[in-house]
Amino acid sequence: MAAKPRQAKLTLGPVLFNWAPGRWRDFYLRIADEAPVESVCVGEVVCSKRAPFFEPVLGGVIERLEAAGKEVVHSTLALIMNEREMDTVRALAAGTDLFVEANDIAAVALLSGRRHAIGPYVNVYNEDTLAFLARHGATRVSLPGELPAQSIAALAGAGVPELEVQVFGRLPLAISGRCFHARSRGLNKDGCRYVCAEDPDGMEVETLDGDPFLAVNGTQTLSYTWCNLAGELAELRAMGVHRFRLSPQDTDMVAVARIFRDLLDGRRQPREVRESLAGLAGGTPFSNGFYYGVEGVAFRGPESGASPPASV
Amino acid sequence: MKGTSGTLDLVCPAGTPAALRAAVDAGADSVYVGFRDETNARNFPGLNFSRADLEDGLAYAHGHGVKVLVAINTFPGAGNPGPWRGAVDAAAALGADAIIVADIGLADYARRTHPGLRRHLSVQAAASSPEAIGFYHRELGISRVVLPRVLTIEEIAALNKAVPVETEVFVFGAMSVMAEGRCSMSSYLTGKSPNTVGVCSPASHVRYLDTGDTLLTTLGGYTINAFSETESACYPTLCKGRFVARGKTSYLFEEPTSLNAIGILPELMAAGVTGLKIEGRQRGRAYVAEVVAAFRRAVDAAVRGEPAPPTDLVAMTEGGCYSAGAYRKAWY
Amino acid sequence: MRQSHPLAHRLVPPLSPVLVAGLALRALPPALFQPVLGLAMATMRRRHAGAFERLAGLGEPVFLIDPIDLPYSFVLRAGARAPSLTAIRGGHAVRATATIRGPLLALIDLLQGRIDGDALFFSRGLVIEGDTEAVVALRNAVDGAEIDIAADMASLLGPLARPARRLAGAAGAVYSRLAEDLETLRRAAIAPAMRRAGADAARLDRMDEAIAELRRRMRRGRMEKP
């Protein structure tokens, strides 16, 4: 039981997809001006080949976010494969005033000894690992998407560091050295022609029966379904989780942020936002199976016997 | 003892005591095994070692100058460290030559509790850079790192110049196209996480339907592959599934194929690699005997500077073919 | 869950001496084999108890082992309490946990760990249906047991073991010769059919593509409706 009620916070995760620089900038500027989120992640997480495109506008975006009172989190690559990529992480780690989110153990190594965050691409499954990372300077840990409620509760019981759970958007499922977007067009990674830019929410992947079930984003594979833990926020808060991640999709993320803000502040109830969230997802199904320890693709509505939310 | 630092170490799989003896007899320098539970990444039904099996296996291997490495390479679940700590304690008590761990917390436990027990870092930890490897060495006393299958030979050579520990690479067997230990695709469809339960595409969720002319593979009710009568089949994993993207059916992630680096052993040796690992604790002892013997001959030839003796391991592969995988730039 | 297709298991038996022997044996009632099978299971329990331990946790699985080149199937009840092996004709009436089909000699090689089960499956020499977990457990249990049929039988024969082994060796040589002759015969018989098959395959590929396209259009049509 928490000693005193804590303010719940929202983090906007990094844009995972290859959006054109203009659109990328406009997205973040609008977030800065309008979205009720406390923290915003910037930086390329999936493919280092994309970073040069938005780097010219990155400075302006950071400035605007900070001016709007947002905490800026610098996310690092999920998979570091060469010296050039390591250099980008070194550069971030060298900026001692930056708050960096490590998505690879190499970044953890470089940030060790100073305050930093751990991203959802680092395997944090248990208390011993959490304690180790905290000893090395991690003050915030965004948990892997496949953790069930039971694990989240056990980790939250440790008290430190601050935990974050993704509650909206496609869940990252895998990362590879190979680019599947390029491969799907008969290209290789070096000569990819940036075909990933054609799919602002990722490329849909169907089974042979025609069921869409995955989404490819360059070297990353995501869930086709969008994670939605709107109905589980209250339970998560009761466990001691007070920070929630919204992962950007090609939809009105300001509206998404407002809905989750309202839920956390108790202004609206999960059943009242169900339709508006479904509208924002444009018909893409939601999922919350990982939370319940079943197939991640599953979605348990409130009528399916999931425990009713306690008061927020 | 063979396989000490500075010389090559042929690291071979065993899912049963019978396979362990087959590996030792076929010329393994080291054999890696797992306990019969969720503490290792090949937690298949009917497979693996009881504590008594390991005791017998250790006696047999040590009697032949062969080391035994115990894979405890899944991630302990929150609130349930018992099975993993127990596995580390048992490996230490029975006299295993090393444990292979992936989880930071568990490596930390082993370092604190059994400082004399050698610790290898599993491929599941996905440590692919000098920074990451240096960190594991410095903070957790790791003495060997099994490299993720995302590096070319050139990158491995550069890495070996920059790290203070031995490295081990896969030379044969099933290949993950995803960064190991960081894939939730299987749990997305089955609810069982390879990272915590120790099995990708658990057999309990796999069904085969053979209609005579087509073999359909389903995982958690989703059709993930269809083989015509004349096609070779493969493991029912999602990364080797056949899917539809933009209206085109293809092996979107990877064709059914196995890694075979037998032809590039001299290059791997020149790159400074210590451990040469054969995948396949889930395979039968016929596989172990045949593949280990072929690699023993090839490694010995490579050490003498002779050309590799001809081998034919195609019958052991997925999809009836193999490749040098990520070791070659063309793979990406 | 998907039901087995009525046309399932059309694995074509190899034209082998086993098939020929099987045709000759067709007139014999399966009950005739029961004493030998009972003895085999008793030996299994005595010499390879560890195998049953590896199957623990599966409950009382029933495997239908179907050598495609024999007119008989075998029902293996692999529960630890009362394991049994029975020969039957057909096998369609058996409520099996899982079914394993393949040529008899491949199944025997598998039993003795002389062939890798995954390799046999990849090459499509083995068909499995039903509970995959039970099949994997059985394969691992059997592979780990180091079963050697000749040695197991010898353990039953006592002083007669050595002559029995020699007899088995001689039978093996005769078998190999027979197998070669039959292979020659088979190739001669199927040559015309092979030539036709190439043309059919191309036609079927075109049909598959057309069906896939139709399926996609149907799904799109369904989704686009309000």
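Numbered from 1 within each chain, the chains take letters A, B, ... in sequence-line order. The basis for the numbers below is simple: all heavy atoms, side chains too, and nothing from hydrogens, waters or symmetry mates. This is a predicted model, so every value here is computed, not measured.
With rounding to the nearest 0.5 angstrom, the CG atom of C:N140 is 10.0 Å from the CZ atom of B:R36. Distance CZ/B:R285 to CD1/C:I115: 12.5 Å, rounded to 0.5 Å.
With a 4.5 Å cut-off on non-hydrogen atoms, B:A19 does not touch chain C at all. Interface residue C:Q112: only backbone heavy atoms are found under 4.5 Å from chain B. In this structure, chain C has no heavy atom under 4.5 Å from any part of B:E290. Heavy atoms of B:D53 lying under 4.5 Å from chain C belong exclusively to its side chain. When heavy atoms are compared at a cutoff of 4.5 Å, B:L20 does not approach chain C at all.
Scanning both residues, B:R283 and C:F122, for their nearest heavy atoms gives NH1-CE1, 3.9 Å. Residues C:D143 and B:A18 share a closest heavy-atom pair of O-CB, 4.0 Å. In terms of heavy-atom proximity, B:Y208 sits nearest to C:T132 at CE1-CG2, 3.7 Å. Smallest separation of non-hydrogen atoms from C:A119 and B:A315: CB-O, 3.2 Å.
In this structure, the side chain of C:R124 does not engage the main chain of B:A233 through any donor-acceptor pair within 3.5 Å. No donor-acceptor distance shorter than 3.5 angstrom exists from the side chain of C:D116 to the backbone of B:A286, with no hydrogens or angles considered. Proximity of a side-chain donor or acceptor of C:R54 to a complementary backbone N or O of B:P45 within less than 3.5 Å is not detected.
Other residues, nucleotides and ligands contribute over 12 non-hydrogen atoms within 6.0 Å of the CZ atom of C:R47. Sparse packing is recorded around NZ of B:K192, with 12 or fewer heavy atoms of other residues, nucleotides or ligands lying under 6.0 Å away. Around atom CZ of C:R89, more than 12 heavy atoms belonging to other residues, nucleotides or ligands sit under 6.0 Å away.
No side-chain heavy atom of C:D118 sits under 4.5 Å from any side-chain heavy atom of B:Y287.
Of the listed residues B:A289, B:G319, B:S228, B:G15, the one with more heavy-atom pairs under 4.5 angstrom with chain C than any other is B:S228. Considering only heavy-atom pairs separated by less than 4.5 Å from chain C, the leading option among B:Y235, B:F227, B:F44 is B:Y235. For the options C:S123, C:A145, C:G130, heavy-atom pairs under 4.5 Å to chain B are most numerous at C:G130. Among the candidates C:G113, C:G117, C:A98, the residue making the largest number of heavy-atom pairs closer than 4.5 Å to chain B is C:G113.
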